[in-house]
Novice: 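Once you've had a glance at the structure underneath, I'll fire off some questions.
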Protein chains: 2
Amino acid sequence: MPKTPPGQTRNRIFRFVRDRLLEGDSPSLREVQRHFGFRAVETVRSHLSALVEEGRLIKKSGRSRGYRLPSSASDWSFNRLQPVPLLGEVAAGGFEEAIENPEGNLPVEIPDSRDLSDYFALRVRGESMSGAGILPGDTVIVERRAAPVSGQIVVALLEEEATVKRLHLGPGGMELRPENPDFNILRPPPGSCRILGRVVELRRQIR
Amino acid sequence: MPKTPPGQTRNRIFRFVRDRLLEGDSPSLREVQRHFGFRAVETVRSHLSALVEEGRLIKKSGRSRGYRLPSSASDWSFNRLQPVPLLGEVAAGGFEEAIENPEGNLPVEIPDSRDLSDYFALRVRGESMSGAGILPGDTVIVERRAAPVSGQIVVALLEEEATVKRLHLGPGGMELRPENPDFNILRPPPGSCRILGRVVELRRQIR
DNA sequence: CAGCATAACAGACATTTGTCTGGTATAGCA
DNA sequence: TGCTATACCAGACAAATGTCTGTTATGCTG
């Protein structure tokens, strides 16, 4: 391997490692070595050490594949993004099971004060909230554990089925109000309904 | 370590590994072992092998820290997330200038075939599209350069002001139809209107 | 009960991976 | 010219990590 101008190989190595890290996979020294055709591992090691020295990489010592991107290189305010499980439509069949087997994950920005497990996402069925701009097929992101507050849009668990409605708490008890004149207000008897959380965000793909 | 009911420990191990992987960091067998207090590495290895067998995990063999989530569990695909500039409301004042000075960036998943510069985001003003579930304050993500197709929801530039409407192309020329009976259909004379792109996604924060 | 599957353990072993020490070559510079 | 910094090589070594083989115990089931 011929000698290259100062910094050139180092930059190429940095880009290679960075791209691998962005794919979520820290390479080993020998993987980098093979990729560039170096005949010595040490060549890679010294370059990576230099990159750490320069602050372009971070290394967790005492472990294999320990290189990481420093926060400035990976987060352009994306660091608050968390994978929130998308549970699908959660029709009859069980909510708890759906939590364990999500359809996928959605990148959602959640506040630092909150835990990732406080959030999940659902796909909306039915037209009952179309008056509030929530259409079938939309995805709602739900914050759990929030104390039920009258007037908020919530996800309620009624007979093992999740449903999106606007919550009203009055002297007559709990009301789940659709936002569509074609649907009726639900007044579930106490104990038969559990409020899973409140809708904090809505996403719609238009294709 | 006492014997636990079948599947219970395996589920706990799965959740632990999954969470580590979602943090972008594959744990080693001995890290899992330490976390659960097992006295044998093999305990972890057999559980993880079983999880791979069940299809709940994937393993890249011949390498350390080789466990990954199968695509169904990890398809949050953070790699495709790109910072799309949020231009604000783009009232009178100029669209081109707004492109230069975005209010911020939004993480948006865009297809590999498309370029980042093909996208921008706008905040919606007015009630004219509320019938289509697009409310004031919502953020729409717009794909530029798409050839105008009749029936799509588009962003049009009318007298230096961006507006969201449904596009209709007919023999009588171009129509921009609001989705709200309180608003009128716009029929801009040819040349006075530019279609900036089509709305591909909608996001709404509910706070 | 016997048979079987599973959970967990024990310890050796092999492979991967990171670290170290020292060497060669080349370019730039005083 | 000699000095120095950098790129790269060579090989040994140590630590981390994964794999294997065999054992013990427990619950389930026919």
Side-chain angles (χ1 to χ4, degrees), chain A residues 1-21 23-70 100, chain B residues 1-70:
Chain A
M1 184 112 294
K3 184 169 176 172
T4 58
Q8 179 174 308
T9 305
R10 184 161 306 167
N11 274 325
R12 296 210 306 143
I13 290 179
F14 171 72
R15 281 196 293 268
F16 174 75
V17 173
R18 180 199 58 189
D19 292 346
R20 286 284 300 265
L21 289 174
E23 290 168 15
D25 180 22
S26 181
S28 70
L29 297 186
R30 279 163 181 86
E31 284 173 355
V32 181
Q33 179 196 1
R34 267 195 303 277
H35 180 266
F36 287 98
F38 290 123
R39 293 199 253 175
V41 213
E42 181 57 23
T43 300
V44 177
R45 202 179 88 89
S46 61
H47 274 126
L48 288 186
S49 300
L51 286 168
V52 170
E53 201 75 22
E54 298 168 13
R56 299 221 268 163
L57 286 180
I58 283 177
K59 180 177 182 304
K60 299 189 178 183
S61 70
R63 50 188 302 167
S64 69
R65 301 170 181 275
Y67 289 93
R68 297 288 181 275
L69 289 173
E100 294 301 318
Chain B
M1 183 115 295
K3 185 169 174 172
T4 58
Q8 180 173 310
T9 305
R10 185 160 306 168
N11 274 326
R12 297 210 305 143
I13 290 180
F14 171 71
R15 282 196 291 268
F16 174 74
V17 173
R18 180 199 58 188
D19 292 347
R20 284 286 300 267
L21 288 174
L22 289 176
E23 290 170 15
D25 182 19
S26 181
S28 69
L29 296 186
R30 278 162 182 87
E31 283 174 356
V32 181
Q33 179 196 1
R34 266 196 302 277
H35 180 265
F36 287 98
F38 291 123
R39 293 199 253 173
V41 212
E42 180 56 24
T43 301
V44 177
R45 202 180 87 89
S46 60
H47 276 302
L48 288 186
S49 300
L51 285 169
V52 170
E53 201 75 21
E54 298 168 14
R56 301 222 268 164
L57 284 180
I58 282 178
K59 180 178 183 304
K60 300 189 177 183
S61 71
R63 50 190 301 166
S64 70
R65 302 171 180 273
Y67 289 93
R68 298 288 181 275
L69 290 173

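Keep in mind that this is a model prediction, so the values were computed, not measured.
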Novice: Measure the distance from CD on A/Q33 to P on D/dG11 and round it to the nearest whole Å.
Specialist: 12 Å
Novice: What is the distance, rounded to the nearest whole Å, between atom NE2 of A/H35 and atom P of C/dT17?
Specialist: 16 Å
Novice: Start with the C-alpha gap between A/L48 and A/K59, add the side-chain angles, then the distance that decides, and say whether side-chain contact (heavy atoms from CB on, under 4.5 Å) holds.
Specialist: CA-CA 9 Å; A/L48 288 186; A/K59 180 177 182 304; over 6 Å; no
Novice: How about CD on A/E54, more than 12 heavy atoms from neighbouring residues, nucleotides or ligands closer than 6.0 Å, or not?
Specialist: yes
Novice: What is the distance, to the nearest angstrom, from the CD1 atom on A/I13 to the C1' atom on D/dT6?
Specialist: 13 Å
Novice: In terms of side-chain heavy atoms of B/T9, which of C/dA8, D/dC8, D/dA10 is nearest?
Specialist: C/dA8
Novice: Can you name the closest pair of heavy atoms from A/R45 and A/L29 and give their distance?
Specialist: CG-CD1, 3.7 Å
Novice: Quick one: A/R39 CZ to C/dA25 C1', roughly how many Å, whole number?
Specialist: 13 Å
Novice: Of B/L69, B/L51, B/I13, B/L57, which is the lone residue that meets side-chain contact (heavy atoms from CB on, under 4.5 Å) with B/R18?
Specialist: B/L69
Novice: Would you kindly give the CG-to-C1' distance between B/L48 and C/dA8, to the nearest whole Å?
Specialist: 14 Å
Novice: Quick test: give all pairs of protein nitrogen or oxygen and nucleotides 15-18 of chain D nitrogen or oxygen below 3.5 Å, distance rounded to 0.1 Å.
Specialist:
from, atom 1, to, atom 2, distance (Å)
D/dT17, OP1, A/S64, N, 3.3
D/dT17, OP1, B/R65, NE, 3.0
D/dT17, OP1, B/R65, NH2, 2.1
D/dG18, OP1, B/R65, N, 2.7
D/dG18, OP2, B/L29, N, 2.6
D/dG18, N7, B/R30, NH1, 2.7
D/dG18, O6, B/R30, NH2, 2.7

Novice: May I ask you to decide if the ring planes of B/H35 and B/F16 are parallel, tilted or perpendicular, using 30° and 60° as cut-offs?
Specialist: parallel
Novice: Among all residues two or more places apart in sequence or in another chain, which pass the side chain to side chain contact (heavy atoms under 4.5 Å, CB included) test with B/S26?
Specialist: B/L21, B/R65, B/Y67, B/R68
Novice: Kindly indicate whether the side chain of A/E42 and the base of D/dC8 share any N or O donor-acceptor pair separated by less than 3.5 Å?
Specialist: no
Novice: Please step through side-chain contact (heavy atoms from CB on, under 4.5 Å) for the pair B/D25 and A/K60, ending with a clear verdict.
Specialist: CA-CA 11 Å; B/D25 182 19; A/K60 299 189 178 183; 4.1 Å; yes
Novice: How many whole angstroms separate atom CZ of A/R12 from atom P of D/dA7?
Specialist: 13 Å
Novice: Can you measure A/E53 atom CD to D/dT6 atom P for me and round it to whole angstrom units?
Specialist: 12 Å
Novice: For D/dC8, take OP1 and OP2 only and decide whether either is under 4.0 Å from a side-chain N or O of A/H47.
Specialist: yes
Novice: In whole Å, what is the span from the NZ atom of B/K60 to the P atom of C/dT16?
Specialist: 16 Å
